[in-house]
Amino acid sequence: MALPAAISGLKAKDGLQLGMSVARLFASAASQIKVEVMPYKVHRIEAPSNIVGTNVPELMSFYKLMYKLRRMEIAADMMYKAKFIRGFCHLYDGQEAVLTGIEAAITLEDSIITSYRDHCQHITRGGSVMELMAELMGKSEGSTRGLGGSMHIYNRKTNFYGGNGIVGAQIPLGAGIALAHKYRGEPNVCITMYGDGAANQGQKYEALNMAGLWNLPVIFVCENNHYGMGTAEWRAAKSPNFYTRGDYIPGIKVDGMDVLAVKHAVAFAKAYALANGPIIMEMDTYRYHGHSMSDPGSTYRTRDEINAMRTERDPIERVKKLLLSNGVEAGELKRVDKDVKKEVDDAVEAAKAGTIPPDSWLWKNMYVAPLGGEMRGVLPGQYHAPDFDPEYKS
Amino acid sequence: MQSAIFQCRPRLQGLILPVGNILTTAALSSLSGATMVQADQNNTLATEPLPGFKRLNLCNAVNDALVTALDTNYRAYVFGEDVSFGGVFRCTVGLLERFGKERVFNTPLSEQGIVGFGIGLAAMGHTAVAEIQFADYIFPAFDQFVNEAAKYRYRSGGSFHCGGLTVRAPYGAVGHGGHYHSQSPEAFFTHVPGIKVVMPSSPAEAKGLLLASICDPNPVVFFEPKMLYRTAVEDVPEGDYMLPLGVARLVVEGNDVTLVGWGQQVLVLQQAAAQLKKADGISCEVVDLRTLSPWDSEMVCASVSKTGRLVVAHEAPLTGGFGAEVAATVAERCFTRLESPPVRCCGADTPFPLILEPVYLPGVARVMEAVRGVVNY
């Protein structure tokens, strides 16, 4: 695309001008709809305009994607309760607008790395619902061959670096990925996502310092759903204004339940990051489920609060209202709903029919060399792993 | 200064305190004995708890111990992630309501900060009982353990110490935990001189060992077997009591082979011993180490000198696991009494897997196979 040329042309501009130019780049020529989003709160940077241009096809794509993510997470919830999925399962429903907006503003050449709430990144990075459900169920048709589970979804071809179980551990990794992009001269950023709980981890500040020192093209995205497991943000953080916590690194706070606000801000942030260096984005969002399927989510917050979020700020409802008020028939949306439901249901059935990984895969991917007696500690006769496994394709 | 401020409850170290009747450690293990709730074939749970005892599961026993510790020492604190509302395993339920938010409080999501902060509190002579939510998350704090907690007394020539620090963490396989909710990191900590590592195997053990750990004037890491939190039920003595650290427990007496384990592996060894007795007529002696650092090498060597065979089992990976330490010590000290080489039956040398967990773990079948191997050597 003309993006690389445009970006280098934009390097001379700053702040407001930058944001407007990039926004125009991404809005298509037939930009009939102008939407006013919640004004951005900023730290050490000029806020981009809060008028976002969009059009019906774009909004339809957002609606379809977010609805697919929502239905997929609900299917995961049902499968967990039916014990097809076991273990730890962290659901993303309520936060769909954040990821949808981010992906709309970047390309698949940009890298993305996130925490364990990573089911939806698989879909937005080109994976299928069937692969994700199979991975959750631990089947070998899954995206990580059934060996990683809910928290470890990856995609090398589309630069999705996972899927990380330890809170905050992905943040320094994101800075490193950004350095590689810069070193190779690619006009790409690394979107490093983490939560409000992880914002209090020491390694985050180490990564911020390095990113700031070396002007790395990394966008730190704090998905602030206001609860770290069971602890509210104001109880864990002296300053819950996560977009200011970068101190010398500029920050921007975005209404994370509004996909247009997110898209506009991320486009602005990407241009900034490529020109100048790191930037922090705080997405004000909410998760309807608990922290994970083991957590009911109601012991530390009220049902009234959850319902209020659903009725007033639900991201899918917001886009639906926009579509309906811009000439889209309710019947068409219902058709989309039906198609998505069918796709997810079929994927679940296909995943259930998957196969369990064979025992010999226990030793896969420990080191580069194939397995067998070379494996440290594996005594011949104790375990038997074939040297070449025709079933395994990485 | 330290001895005046560091007040534990006025108890002597290493003694069992009478609770009504005089109890010894041997009596404790044979008196009750943990029962897996689902596998209660003898219907032992149908009987009433003994007088002076209460029937609790492991998580309630830990809760009981924390209540006792906070009750008897007004300078004790319990803190960690999400402990205020009761914790993710409900071990800290009711503490906030009873003792107040100055003594029971949530920390931010910062393991290194939690342990470092606990070391500082303990250095002032207070009793800090920190919780790490899962043992898998303890590694950011590992530097604080190794370089601060373990060496404080040593490097200050005895001027300062952080003996009041006890860090609790749930460890071990739970059936579906995957890479980051099932690890057994005890071997890393046993390698550090200066801290103690304690791992209970049943509710009554947990309460006694936790109270002893909190009172011990050395920093202690206390790994709780999370699979047993709800599934192990036992008659736990009411009130305040301690079990001695550094002393192993004889679980089952036998003659043919010594099985050594700790934490939730002890139950696996007990089941294997019962099945071996029935199927092969092999009489196994099961030893629960309880404390890994310092460990009761006297007891284990005495047992191996009697039986002549050793099988150590643990969930952690084979290479560099604590079983290697036990096997090497036994081989050195009991060489002439051994009928077969000491054998370690452990987890595979891989990260803890997800769906392939049954292949990885040293379950009853693998332990039995290992025992048959040493008996028929």
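Excluded from the calculations below are hydrogen atoms, water molecules and symmetry mates; all remaining heavy atoms, backbone and side chain alike, are included. The chains referred to below are lettered A, B, ... by the order of the sequence lines, with proteins before strands, and numbering in each begins at 1.
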Heavy-atom pairs under 4.5 Å with chain B are the metric here; pick the option from G168(A), G87(A), P357(A) that has the most. G87(A)
Where does [X] contact chain B at under 4.5 Å (heavy atoms): side chain, backbone, both or neither?
| X | result |
| --- | --- |
| H291(A) | neither |
| A199(A) | neither |
| M137(A) | backbone |

Where on [X] is there a heavy atom nearer than 4.5 Å to chain A: the side chain, the backbone, both, or neither?
| X | value |
| --- | --- |
| N106(B) | side chain |
| P351(B) | both |
| F105(B) | neither |
| E111(B) | both |

Can you label the angle between the F88(A) ring and the H181(B) ring as parallel, tilted or perpendicular, going by 30° and 60°? parallel
L356(B) versus W361(A): any side-chain heavy-atom pair under 4.5 Å? yes
Can you find a pair of side-chain heavy atoms, one from H152(A) and one from H179(B), that are under 4.5 Å apart? yes
Expected output: side-chain N200(A) to main-chain S110(B) donor-acceptor under 3.5 Å: no
Between G230(A) and D82(B), the two heavy atoms sitting closest are N-OD1, 3.1 Å
Considering all heavy atoms, the nearest I166(A)-D136(B) contact: CD1-O, 3.9 Å
Quick check for you: among S84(B), G113(B), G373(B), G177(B), which has the greatest number of heavy-atom pairs under 4.5 Å with chain A? G177(B)
Kindly check if the number of other-residue, nucleotide or ligand heavy atoms within 6.0 Å of CZ (F142(B)) is above 12? yes
What parts of residues 231-241 of chain A touch chain B if we use heavy atoms and a cut-off under 4.5 Å? T231(A), A236(A)
side-chain contact (heavy atoms from CB on, under 4.5 Å) evaluation trace for L147(A) with L354(B): CA-CA 6 Å; L147(A) 302 170; L354(B) 186 62; over 6 Å; no
Taken to the nearest 0.5 Å, the spacing of D349(B) CG from L362(A) CG works out to 10.0 Å
